Q: 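Can you read through this structure? Questions will come right after.
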Amino acid sequence: MKIFSNPQTIQKSIKNLKLKKQTIGFVPTMGALHQGHISLIRRAKKENDIVVVSIFVNPAQFGPKEDLKSYPKPFVKDVKLCKKEGVDIIFAPKPESMYPKNYLTYINVEKLSGTMCGKARPGHFRGVATVVTKLFNIVQPDKAYFGLKDYQQSVIIKKITEDLNYPVKIITCPTIREKSGLALSSRNAYLSKEELNKALSISDSLKKAKELIENKKIKPVKNIVLEIKKIIKPVTDKIDYIEIRDAETLVEIKDNIDRKVVIAIAAYVGKTRLIDNIVVKPR
Ligand code: PAF
């Protein structure tokens with residue numbers, strides 16, 4: 001396994017692999033790898049000749065009051081995990097090589113970036129879109145793998161590749177959960193035992209919403225949101241949003257759930273902001 005930190009050096013190496021007709025599967029991460037990331041790596045291993053994992057805590061996607069400084073960075077452990085999974089290349093750039101002092105160019109996906117998580121985290125998706133675009137230019141993957149836990153992110157990244165004509169196939173993979181239902185996230189490391197229990201209410205409420213829509217045939221958005229609130233309000237510290245949106249376009253569903261939708265929640269447990277979602281199709 002090779003580890004690169006310099007964008008130009010990895011670009012050259014990828015160019016050589018492409019000349020040898022090797023296909024490149026890419027798993028972009030911010031490190032602190034968990035089973036969710038491992039599932040993406042395993043899928044990439046199955047579908048490509050070469051697997052590249054990037055480990056980069058991207059400063060451009062953190063707001064000034066967010067957890068950039070405290071974000072977990074267990075680099076040695078991450079490298080070991082990648083080696084064990086048969087990753088071929090790790091790209092772990094320094095912030096100054098991705099964003100040198102004279103850096104000026106940012107990517108903004110209009111409309112999609114300003115809603116849901118984008119409302120509570122202004123600039124977040126501009127940072128994600130910019131770094132993913134840069135990483136695609138550096139790694140030039142044939143396929144790139146993203147977890148559906150970050151549902152809005154995956155829709156935005158698909159839009160970038162479509163709008164900017166990137167020859168990259170975006171593969172979205174299911175959210176990996178604890179047995180309890182809790183969605184895996186690097187930020188779960190911030191939660192105490194008690195908070196971990198409280199956090200379960202989020203996945204519980206999504207499961208309940210799915211059951212109400214698919215089995216009990218309840219369609220009004222306001223009823224579903226009410227049921228979710230009943231479960232999460234008593235145990236979370238702040239609800240950023242509970243939203244029901246078209247699963248493909250993220251257009252808001254205001255009245256009745258009449259198509260495949262994503263129900264997405266962002267809520268604080270203690271000081272930790274958690275997100276989760278479920279895709280539901282009324283029968
Ligand atoms: O999902 C993440 O870990 C990050 O947002 C990503 C896609 C690696 C960009 O920094």
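In listed order, ligands and their atoms are each counted from 1. No experiment lies behind these values; they were computed from the predicted model shown.
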Q: Could you label the plane-to-plane angle of the Y99 and Y106 rings as parallel, tilted or perpendicular, counting under 30° as parallel and over 60° as perpendicular?
A: parallel
Q: Which of the numbered atoms in ligand 1 are under 4.0 angstrom from any heavy atom belonging to V131?
A: 9 (C), 10 (O)
Q: With no hydrogens and no angle check, just 3.5 Å: does a side-chain donor-acceptor pair link N197 and E194?
A: no
Q: Name the residue from L17, I50, D142 that meets the side-chain contact (heavy atoms from CB on, under 4.5 Å) definition with T23.
A: D142
Q: Considering non-hydrogen atoms of the protein only, which is the closest contact for atom 5 (O) of ligand 1, and what is the distance?
A: Q153 OE1, 2.7 Å
Q: Identify the protein heavy atom lying closest to atom 3 (O) of ligand 1, giving its residue, its atom name and the separation to 0.1 Å.
A: M30 CG, 3.7 Å
Q: Which of the numbered atoms in ligand 1 are under 4.0 angstrom from any heavy atom belonging to Q61?
A: 4 (C), 5 (O), 9 (C), 10 (O)
Q: Please classify the T29 to ligand 1 contact at 4.0 Å (heavy-atom distances, strictly less than): side chain, backbone, both or neither.
A: backbone
Q: Evaluate side-chain hydrogen bond (donor to acceptor under 3.5 Å, both in side chains) for E66 paired with Y71, printing each intermediate quantity in order.
A: CA-CA 9 Å; E66 292 182 355; Y71 198 86; over 6 Å; no
Q: Charged N to carboxylate O under 4.0 angstrom, R187 versus D67?
A: yes
